[in-house]
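Structure, as structure tokens:
Bear in mind the structure is a predicted one, so any value in this text is a computation, not a measurement.
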Amino acid sequence: MSDAEIEITADLVRDLLRDQHPDLAGLDIREVVGGWGNQMWRLGDGLAVRMPRMEGAPDLLRKERRWLPLLAPRLPLPVPNPVRIGEPSTRFPKPWTIMTWVPGEPLDHTSISRGEHAADTLAAFLTALHVEAPADAPISEDRGDHPKKCTDGFDHFFHAVVPDDLADEVRAVWDDAVAAPEWEGPRLWVHGDLHPANVVVSDGTLAGVIDFDAVFAGDPAWDLAAAWVILPAGATSRFFDAYAQADEGTIRRARGLAALKSLFLMLMGQNGDRGLPGGKPAWGPAGRAALDRVLRGQVS
């Protein structure tokens with residue numbers, strides 16, 4: 001069978017564990033709904049198995065294995081950390097990974113009720129993450145560019161989902177980001193994919209950050225967009241006050257990128273409502289709420 005034809009089941013995961021990590025094979029295995037390039041399975045209470053199911057996913061898993069053990073110890077929120085490696089085999093011809101499990105509920109299925117706490121928590125996390133990366137740190141092929149280099153993607157999302165009555169406002173936010181200056185600082189570590197499905201919530205506030213397969217070195221504005229995409233209304237200014245190292249140009253780029261990410265979430269939600277492959281129905285409302293925050297949320 002080709003890779004695409006392999007059905008990833010609990011029995012397959014169990015068999016792979018018996019072959020390669022028999023000391024873990026007796027733990028409970030439960031499928032985790034969601035995921036994109038990888039299918040996730042809970043393994044006992046404290047672990048998870050990530051199984052790549054899309055082209056390119058194995059390389060992203062290798063990137064996580066390489067860099068997360070170096071980043072995780074200095075981050076103030078729990079993040080998944082690779083603890084075991086699964087090697088390609090005749091049963092499953094791709095590498096796979098056993099990670100630590102980050103407890104909490106993904107934000108696309110819940111909400112943040114403690115906005116000020118979440119703003120401070122996110123600011124502390126990104127302050128710790130956004131340090132100069134080493135020369136051999138990865139560079140993203142599809143993220144990290146200045147907004148002016150992302151206009152094709154923005155236009156696609158814009159025409160697909162933006163209501164007519166918001167078109168001028170959304171376009172103005174994007175045009176301002178395109179006109180903002182380039183990032184001139186050193187290449188910083190950037191998570192690169194902060195949105196509601198990639199953070200978890202507990203007790204009304206942020207409790208962890210997951211899915212680092214997009215991690216790269218570059219412009220921190222790509223993460224600072226989370227001030228609008230993740231945090232509830234009214235928390236953006238507090239976040240930037242706590243983060244305290246974003247200049248005006250970076251904030252302008254971040255706000256435009258937040259608009260881009262919001263439209264992407266709305267499109268994935270629209271695709272989910274239509275039953276299209278890869279669609280995520282829960283992402284539509286999350287994206288629209290984020291877009292509303294972008295339009296209201298000029299940082300003072």
Next item on the list: Carefully, step by step, assess Ile251 and Glu248 under the rule side chain to side chain contact (heavy atoms under 4.5 Å, CB included).
Entry: CA-CA 5 Å; Ile251 293 174; Glu248 179 188 0; 5.8 Å; no
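- Of all the heavy atoms in Ala254 and Ala225, the pair that sits closest is O-CB, 3.4 Å.
- In this pair, Phe239 and Tyr243 present their aromatic rings parallel. The plane angle is below 30°, not in the 30 to 60° band.
- His195 pairs with exactly one of Trp222, Trp283, Trp228, Phe264 by the ring pair (Phe, Tyr, Trp, His ring centres under 6.0 Å) rule, that one being Trp283.
- Scanning both residues, Val229 and Ala290, for their nearest heavy atoms gives CA-CB, 3.9 Å.
- Arg238 has its side chain out of reach of Asp241: every pair of non-hydrogen atoms, C-beta onward, lies at least 4.5 Å apart.
- Contact annotation: the side chain of Arg91 approaches that of Leu12 to within less than 4.5 Å [non-hydrogen atoms, C-beta and beyond].
- Atoms CG and CZ, from Asp247 and Arg253 in turn, are 6.5 Å apart once rounded to the nearest 0.5 Å.
- A 6.0 Å sphere centred on CG of Asp168 holds no more than 12 heavy atoms belonging to other residues, nucleotides or ligands.
- Residues Leu68 and Pro82 have side chains in contact (heavy-atom distance under 4.5 Å, counting atoms from C-beta outward).
- Listed here is the closest heavy atom pair of Pro103 and Ala207: O-CB, 4.4 Å.
- Of the possible donor and acceptor atoms, one in the side chain of His191 sits under 3.5 Å from a partner among the backbone N and O of Ile210.
- Linking ILVMFWY side-chain heavy atoms closer than 4.5 Å, directly or via other members, places Ile98 and Leu60 in two distinct hydrophobic clusters.
- Under the 4.5 Å side-chain contact rule for hydrophobic residues, Leu75 and Phe216 share a cluster.
- Although no hydrogens or angles enter the test, the distance criterion places no donor-acceptor pair under 3.5 Å between the side chain of Asp193 and the main chain of Ala214.
- Between the CG atom of Leu166 and the CZ atom of Phe158 there is a distance of 9.0 Å, given to the nearest 0.5 Å.
- Among all heavy-atom pairs drawn from Pro52 and Leu61, the shortest one is CD-CD1, 3.6 Å.
- In this structure, the separation between OG1 on Thr236 and CG on Leu224 is 11.5 Å, given to the nearest 0.5 Å.
- Between Ala177 and His146, the shortest heavy-atom distance links the atoms O-CE1, 3.5 Å.
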Note to self: Before you tell me yes or no, could you show the steps for Met268 and Phe157 under side chain to side chain contact (heavy atoms under 4.5 Å, CB included), namely the whole-Å CA-CA distance, both residues' side-chain angles and the distance that decides it to 0.1 Å?
What the structure shows: CA-CA 10 Å; Met268 291 301 99; Phe157 301 150; 5.9 Å; no
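- For the pair Leu16 and Met51, the minimum side-chain heavy-atom distance is below 4.5 Å.
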Next item on the list: Go through Ile8 and Phe92 one step at a time and tell me if the side chain to side chain contact (heavy atoms under 4.5 Å, CB included) criterion holds.
Entry: CA-CA 9 Å; Ile8 303 174; Phe92 190 74; 4.0 Å; yes
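- To the nearest 0.5 Å, atoms CD (Glu64) and OG1 (Thr97) are separated by 7.0 Å.
- Looking only at distances, a side-chain donor or acceptor of Arg14 sits under 3.5 Å from a matching main-chain atom of Ala25.
- The closest side-chain heavy-atom distance from Asp120 to His117 is not below 4.5 Å.
- In plain terms, the two heavy atoms of Pro196 and Ala286 that are nearest each other are CG-CB, 4.1 Å.
- Using a cut-off of 4.0 Å between Lys/Arg side-chain N and Asp/Glu carboxylate O, Asp213 and Lys63 are scored as not salt-bridged.
- With respect to the salt-bridge test (charged N to carboxylate O, under 4.0 angstrom), the residues Arg255 and Asp176 do not qualify.
- The environment of Gln20 atom CD is dense: over 12 non-hydrogen atoms of other residues, nucleotides or ligands sit within 6.0 angstrom.
- A single hydrophobic cluster is seen to contain both Leu70 and Phe125, as judged by linkage of ILVMFWY side chains at heavy-atom distances under 4.5 Å, directly or through other members.
- Counting non-hydrogen atoms of neighbouring residues, nucleotides and ligands closer than 6.0 angstrom, the CG atom of Asp45 reaches no more than 12 such neighbours.
- For the atom pair CH2 of Trp174 and OG1 of Thr151, the computed distance is 7.5 Å after rounding to the nearest 0.5 Å.
- Between Val49 and Leu47, every side-chain heavy-atom pair lies at or beyond the 4.5 Å cut-off.
- Put simply, CG on Leu129 and CG on Leu188 are 8.5 Å apart, with the number rounded to the nearest 0.5 Å.
- By the criterion of side-chain heavy atoms lying less than 4.5 angstrom apart, applied directly or through intervening Ile, Leu, Val, Met, Phe, Trp or Tyr residues, Val131 is grouped together with Trp67 in one hydrophobic cluster.
- For Arg143 (side chain) and Gly192 (main-chain N/O), a donor-acceptor pair under 3.5 Å exists by modelled atom type.
- Side-chain heavy atoms closer than 4.5 Å link hydrophobic residues (I, L, V, M, F, W, Y) into clusters, and following such links, possibly through other members, connects Phe154 to Leu194.
- At least one side-chain heavy atom of Leu295 sits under 4.5 Å from a side-chain heavy atom of Val173.
- Classification of Asp59 and Arg62 as a salt-bridged pair holds, one side-chain N sitting under 4.0 Å from a carboxylate O.
- With hydrogens and angles ignored, the 3.5 Å screen pairs no side-chain donor or acceptor of Thr250 with any backbone N or O of Ala221.
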Next item on the list: Apply side chain to side chain contact (heavy atoms under 4.5 Å, CB included) to the pair Asp23 and Arg84, showing each step before the final yes or no.
Entry: CA-CA 12 Å; Asp23 58 316; Arg84 302 280 185 93; 2.7 Å; yes
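- Side-chain contact between Trp183 and Pro220 is present, with at least one heavy-atom pair separated by less than 4.5 Å.
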